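Order of the sequence lines fixes the chain letters, A, B, ..., with proteins taken first and strands second; residue numbering starts at 1 for each chain. Just so we're clear, the structure is a prediction, and the values are computed from it rather than from any experiment.
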There are 2 protein chains.
Amino acid sequence: MNLSARQIRAFLFLAEERHFTRAARRCHLTQPAFSALIQSLEELVGVRLFDRSTRRVTLTQEGEHFFLTAPRLLNDMEGLIGEMRQFADKRRGKVSIAALPSLAAGWLPGICATFSAQYPAVRISLRDALLEPCLQMVRDGAADMALAAQGLNMEGLTVDPLCEDRFYFICRHDHPLADHETVTTSDLTKERLIHLGKGSSIRQGLVSDSRIAEMPVSFEVDHLATVCGLVLAGMGVSLVPGMTLFHFRYPLLRAIPLAPGSEIRRQLLLVRREDRGLSAAAQAFHDLVMHERSSLASDGEFAIRVNP
Amino acid sequence: MNLSARQIRAFLFLAEERHFTRAARRCHLTQPAFSALIQSLEELVGVRLFDRSTRRVTLTQEGEHFFLTAPRLLNDMEGLIGEMRQFADKRRGKVSIAALPSLAAGWLPGICATFSAQYPAVRISLRDALLEPCLQMVRDGAADMALAAQGLNMEGLTVDPLCEDRFYFICRHDHPLADHETVTTSDLTKERLIHLGKGSSIRQGLVSDSRIAEMPVSFEVDHLATVCGLVLAGMGVSLVPGMTLFHFRYPLLRAIPLAPGSEIRRQLLLVRREDRGLSAAAQAFHDLVMHERSSLASDGEFAIRVNP
DNA sequence: CACACTTACGATATTCGTAAGGATT
DNA sequence: AATCCTTACGAATATCGTAAGTGTG
């Protein structure tokens with residue numbers, strides 16, 4: 001009891017043409033093969049669907065009844081296949097991405113623009129969140145993948161390294177260290193540090209360095225824009241990843257690399273669930289991210305991408 | 001591009017079971033064969049429908065979308081096949097029969113009752129009509145078959161003989177011939193004949209005999225009941241086929257066979273189009289008529305059948 | 001190591017195309 | 001004679017089941 005699309009297609013061609021040879025041509029079959037196909041359908045449904053008298057082919061009463069629903073049925077089948085192929089061709093679909101705020105504001109929008117230009121019909125859902133929420137969204141399936149850093153528990157997750165993100169020293173132009181080419185961690189022991197909140201991956205990247213951990217903390221805020229404002233107001237200095245420097249492009253501010261030996265880094269990762277494959281659209285996005293990751297070098301010159 | 005019912009069925013089983021081995025059992029397939037079936041479906045639609053990680057089987061996003069319409073599609077396919085098989089099993093369908101008034105009133109109702117008892121769901125359309133209208137209904141497809149007699153033009157029609165219908169002489173009990181065992185055509189030359197109208201097959205059966213054609217015609221009516229009334233009123237005599245004798249079962253009337261050598265017959269036929277097969281229901285009716293035709297002997301004792 | 005899906009492979013069924021058959025105009 | 005559907009039959013293809021392979025808990 002296996003009705004197939006080609007049987008219905010053959011039926012409809014024959015019902016239209018009323019001629020085996022012509023209908024067979026439209027099915028890309030020889031006439032005997034087509035004849036057998038019709039016979040198999042008739043055997044399946046248990047009744048003759050066509051009266052054929054060598055000279056004239058007509059629908060039987062039962063054939064007329066079959067004809068009432070067969071076109072809709074074939075249309076539904078072909079429509080479903082067509083829809084599924086739209087997913088395959090990325091003419092349809094959805095990608096859900098979670099990303100750290102730094103990447104979500106800086107590098108990722110340009111990637112999204114490139115992706116959207118290539119696959120305009122794929123909807124992109126982009127959630128900016130702190131590290132752990134990012135990872136949690138991947139774990140529970142709310143996001144197909146996350147652009148994030150190393151979390152406390154990476155079990156069940158697959159990671160691809162994206163880039164190393166070096167930290168920079170941020171101070172006002174009138175700060176004693178403002179004219180230095182580089183800065184060492186020992187230079188900073190007396191500085192008042194403006195920190196991000198504990199949920200931030202930037203904060204987590206910093207506390208791994210013991211000297212930084214000893215610095216006096218003047219503020220603990222949630223947004224880099226606030227850090228920026230506080231530094232401009234002379235309330236202290238900060239250490240931020242190169243990936244976020246676009247927040248600090250003010251004439252009165254300086255971003256100074258850390259000296260060799262004092263370097264602090266965080267590793268940025270592309271994270272996905274290891275037990276779930278990506279949808280066609282998500283896979284294409286994943287491929288694009290991996291392909292473009294070389295443009296993600298943290299060299300202090302990074303700017304928000306503008307779509308070419 | 002040939003989507004088949006079994007592919008959809010396999011998909012739905014797997015979506016429900018989330019387990020290849022169990023789903024394979026429900027498809028009456030070995031697990032590898034089932035696996036190949038799923039793969040063929042995925043290849044057809046162009047995307048993976050299931051994430052399988054040896055330990056867990058889940059629908060992909062695309063699979064979820066396929067799942068939205070697949071059940072309805074399979075239901076439609078199986079429903080259509082089911083409907084068609086109802087026709088095949090005569091649990092559904094329609095038979096259109098045209099019949100001469102004599103048969104439509106006499107023998108055929110009992111046949112219809114037998115047929116309906118066996119196939120209660122098949123609708124029967126019965127039209128009583130004179131000979132040529134009967135044949136025309138078969139020609140133009142308004143009737144699947146006709147129980148009729150030989151027409152002027154039988155081209156394109158297939159006939160099966162049903163029985164020979166002998167004519168009887170009808171007169172009142174006080175008629176000079178009323179006590180005769182048989183009657184010859186020479187006995188009738190002076191009788192006033194009550195005829196049926198020219199469209200009637202009974203009339204056509206009679207005019208083939210030259211002596212009858214020479215008889216004086218007193219009336220020309222359309223219904224046998226009128227003939228009956230006229231004979232009872234003493235307005236003349238008539239000649240009618242045995243098949244219609246049930247109209248004349250009155251104590252004051254006599255129906256007398258024609259003597260050997262004077263016999264007049266008409267051949268009753270089961271007529272159908274030669275270029276169109278019968279529907280399953282019509283074929284079953286046809287078979288029943290042919291099987292029961294022995295009960296159609298024109299012996300003057302014929303009565304309206306009562307369903308046993 | 002037991003369970004579960006995939007791959008490999010030979011056997012069986014199905015489907016295809018060519019060629020011949022039969023019926024109709 | 002020409003057209004058109006069916007049947008026959010060998011070849012190509014697909015599908016099936018058994019058995020071995022791989023990966024996971």
Aromatic ring pairing B:F11/B:F66, orientation class (parallel under 30°, perpendicular over 60°, tilted between):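 Perpendicular: the ring planes of B:F11 and B:F66 meet at over 60°.
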
Salt-bridge criterion met for B:D160 and B:R272 (N-O under 4.0 Å):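 A salt bridge links B:D160 with B:R272.
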
B:R25 bridged to B:E17 by N-O distance under 4.0 Å: no

Expressed in angstrom and rounded to an integer, what is the separation of [X] atom [atom1] from [N] atom [atom2]?
X	N	atom1	atom2	result
A:L41	C:dT14	CG	P	17 Å
B:D275	C:dA23	CG	P	17 Å
A:D51	C:dA23	CG	P	18 Å
A:F20	D:dC5	CZ	P	6 Å
A:L14	D:dC4	CG	C1'	12 Å
A:F50	D:dC4	CZ	C1'	16 Å

Shortest side-chain distance from A:T21, nucleotide among C:dC5, D:dT6, D:dC4: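 Nearest listed nucleotide: D:dC4.
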
Are more than 12 heavy atoms from other residues, nucleotides or ligands located less than 6.0 Å from atom [atom1] of [X]?
X	atom1	answer
B:R56	CZ	no
B:R139	CZ	yes
B:R127	CZ	no

Pairs: protein N or O with nucleotides 22-25 of chain D N or O, under 3.5 Å:
none

Phosphate contact (D:dC4 OP1 or OP2) by A:R52 side-chain N/O below 4.0 Å: no

Below 3.5 Å is the cut-off: list the nitrogen or oxygen pairs between protein and nucleotides 13-18 of chain D, distance only.
residue	atom	partner	partner atom	Å
D:dC16	OP1	B:R6	NH1	3.3
D:dC16	OP1	B:R6	NH2	2.9
D:dG17	OP2	B:T30	N	3.1
D:dG17	OP2	B:T30	OG1	3.1

Stepwise salt bridge (charged side-chain N to carboxylate O under 4.0 Å, His left out) test for A:E64 and B:K94: CA-CA 13 Å; A:E64 295 279 5; B:K94 189 184 161 193; over 6 Å; no

Donor-acceptor contact present, side-chain A:D89 to main-chain A:R91, <3.5 Å: no

Donor + acceptor pair across side chains of A:S102, A:R266 (<3.5 Å): yes

